Amino acid sequence: MALTPTSGPTSASDSNAAPARPSTSSSIATFSPSDPPVPENTILTSLDAVVNWCRKNSLWPMPFATACCGIELMAVGASRFDIARFGAEVMRFSPRQCDLMIVAGRVAMKMMPVLQRIWLQMPEPKWCISMGACASTGGVFDTYAVVQGFDRFMPVDVYIPGCPPRPEQILRAVMDLQTKIQRGGSLNGTALPEMLDHEQLAASARALTARVSVAERGREERFGYRLPGGPGLVGVDETR
Amino acid sequence: MTTSSTTSDPSVSAEADPHAGTLGKLAGRFGDGVFTTSRFRDNLRLHVSPARLFELLSSLRDDCGFAFLAELGGTDFLGYPGWSRARFQVHYVLRDLERNERLTVLAGVDEPRPALPSATPLWEGANWMEREVYDMYGIEFRGHPDLRRILMPEEFAAFPLRKDYPLRGRGERHNFTRLTRGES
Ligand code: SF4
C-alpha cells in the first residue's frame with residue numbers, strides 16, 4: 001500500500017490494527033506538504049500496534065487441562081476445528097515457552113498452588129483463558145476440595161461458559177482475546193493495563209455481594225439432608 | 001464361632017454354600033467368639049474385633065487360600081439410623097482366585113483414636129489403600145511403613161469423609177494467595 005503525505009496520516013495492513021492509542025496516532029499525524037514524500041510500499045503505524053498484531057497472531061497456549069474440558073481442548077487443536085487458523089496451534093508443555101494459559105477443567109485445592117506457580121513461570125506478556133463451568137466457578141463440584149473458580153486467585157482475560165464448551169466457543173474466545181490484545185498493551189509493559197482497573201472493580205463487587213452469597217449458599221439443608229457437623233463456612237470468610 | 005441370628009439365611013444349605021470349606025477351616029482354627037458372620041445374598045461377611053483382625057486375616061491368607069486383597073476401604077456410620085456398632089468400619093474384600101471365592105472381613109473402630117493393625121505385612125497392595133482410609137477418615141494403621149496422606153495435601157488438617165466434616169469444607173479450598181495482574 002502506498003501512502004502519500006496528502007492521502008491521510010496513517011493506515012495499517014488491516015483495520016483491526018488501527019493504532020492502539022490516540023496519543024501515538026496524533027503524534028505521527030504531523031505531516032506537512034513540505035515533508036519529503038513517503039516512498040511506495042511503506043506503512044505507517046505505531047510500534048505498539050505492530051507488536052500487538054504479531055503477538056495476537058502467534059499465541060502459544062499452555063494447555064492446563066485437568067478434566068473433561070481438556071478433551072474438547074484437544075479437539076480444537078486437531079484438524080477439524082484447527083486452532084492453527086488463528087495462529088495458536090503451538091501448544092507447549094513448558095510454561096517458559098507459553099504466553100496463553102488455558103485452564104480447562106476443575107482446579108482442586110491441591111492443584112491451585114501448582115497452577116499459580118506455572119502462571120508465574122510464564123514470561124510476560126501473558127494471557128489467561130478460563131475454560132468451562134468448573135474452571136470459572138467450580139461448576140457442580142461444590143465440595144471441600146475444588147476451588148470455586150480459579151479467578152479468585154489469578155487474573156483471567158476471557159471466560160468460556162459451557163460444560164464442556166463447544167470447540168467453536170474456544171475459537172471464539174481466542175478471537176476475543178486477539179481483539180483484546182490488539183486494543184491494549186504496549187511494547188514492553190505488562191500486557192493489559194485496563195486489567196488492573198478491572199481487578200479493583202471486581203474486588204469491590206465481591207465485597208458488596210458477599211453477604212448475599214452467604215445467605216444463598218450457606219444453607220446446606222436445601223439438598224434435603226442435614227450434616228451432623230452443621231453447615232460449612234461458606235461465603236465471605238471462606239474466600240478471604 | 002457364632003452365627004448372628006438376624007442374618008443367617010435358611011436358604012443357604014451346607015452343600016450349596018461356597019463358603020462352607022472356609023468356615024470349617026476357620027472354626028477349627030479359631031474357637032467361639034473371635035468373629036461373627038452375616039450374609040447378604042451370596043456375600044459372606046466376617047465381623048471381627050480389631051484385636052483379632054490381623055490373626056484372622058493371616059489365617060485367611062495362609063490357610064484358606066485368600067491370596068488377593070481386592071479392596072480395602074472405610075465407612076463412617078455417624079448418625080446412621082439404628083446403628084449400634086462402632087462408628088467407623090473398615091472392610092477388607094478378599095478373593096481366592098483359584099476357587100473363585102470372595103469374602104469380606106469387617107472390623108469396627110471407634111473414637112477417640114481409631115486404630116487398626118496394618119495389613120501391609122500380608123498384602124503389599126494394602127499400602128496405598130490404607131493410606132487412603134487414613135487420609136479420608138483418620139484411622140491409623142499401626143505398623144504401616146509409610147502412613148502419610150495420599151490424596152489431600154500434606155498440610156490438610158481434617159479428615160474430609162468423616163460425616164461431621166462439612167461438605168464444603170472449612171475454607172481450606174479458598175486459603176490461597178491472590179495473584180494480580182500487577183504482581184505477576
Ligand atoms: S465444565 Fe464440564 S466438561 Fe468442563 S471440566 Fe467441568 S464437568 Fe468437565
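Remember, it's a predicted structure, so these values are computed and weren't measured experimentally.
- What you find for Phe176(B) and Val147(A) is that their closest heavy atoms are CE1-CG2, 4.0 Å.
- Put simply, CG on Leu179(B) and CZ on Arg117(A) are 12.5 Å apart, with the number rounded to the nearest 0.5 Å.
- Contact of Val107(A) with chain B is not made at all, since no heavy-atom distance falls under 4.5 Å.
- In this structure, Arg178(B) does not pair ionically with Asp151(A), as no charged nitrogen and carboxylate oxygen lie closer than 4.0 Å.
- In this structure the side chain of Met152(B) reaches within 4.5 angstrom of the side chain of Met109(A), judged on heavy atoms.
- Aromatic ring orientation, Phe156(B) versus Tyr144(A): tilted (interplanar angle from 30° to 60°).
- The distance from the CZ atom of Arg149(B) to the NZ atom of Lys110(A) is 10.0 Å, given to the nearest 0.5 Å.
- Expressed to the nearest 0.5 Å, how far CZ of Arg173(B) lies from CD of Gln148(A) amounts to 4.0 Å.
- Rounding to the nearest 0.5 Å gives a distance of 10.0 Å between OG1 of Thr143(A) and CZ of Arg168(B).
- Residue Trp83(B) places its CH2 atom among more than 12 non-hydrogen atoms of other residues, nucleotides or ligands, all under 6.0 Å distant.
- Note: Pro113(A) leads Ala108(A), Ala145(A), Pro113(A) in heavy-atom pairs under 4.5 Å with chain B.
- Under a cut-off of 6.0 angstrom, the local environment of CD in Glu154(B) is crowded, with over 12 non-hydrogen atoms contributed by other residues, nucleotides or ligands.
- Heavy-atom contacts from other residues, nucleotides or ligands closer than 6.0 Å to CE of Met111(A) number 12 or fewer.
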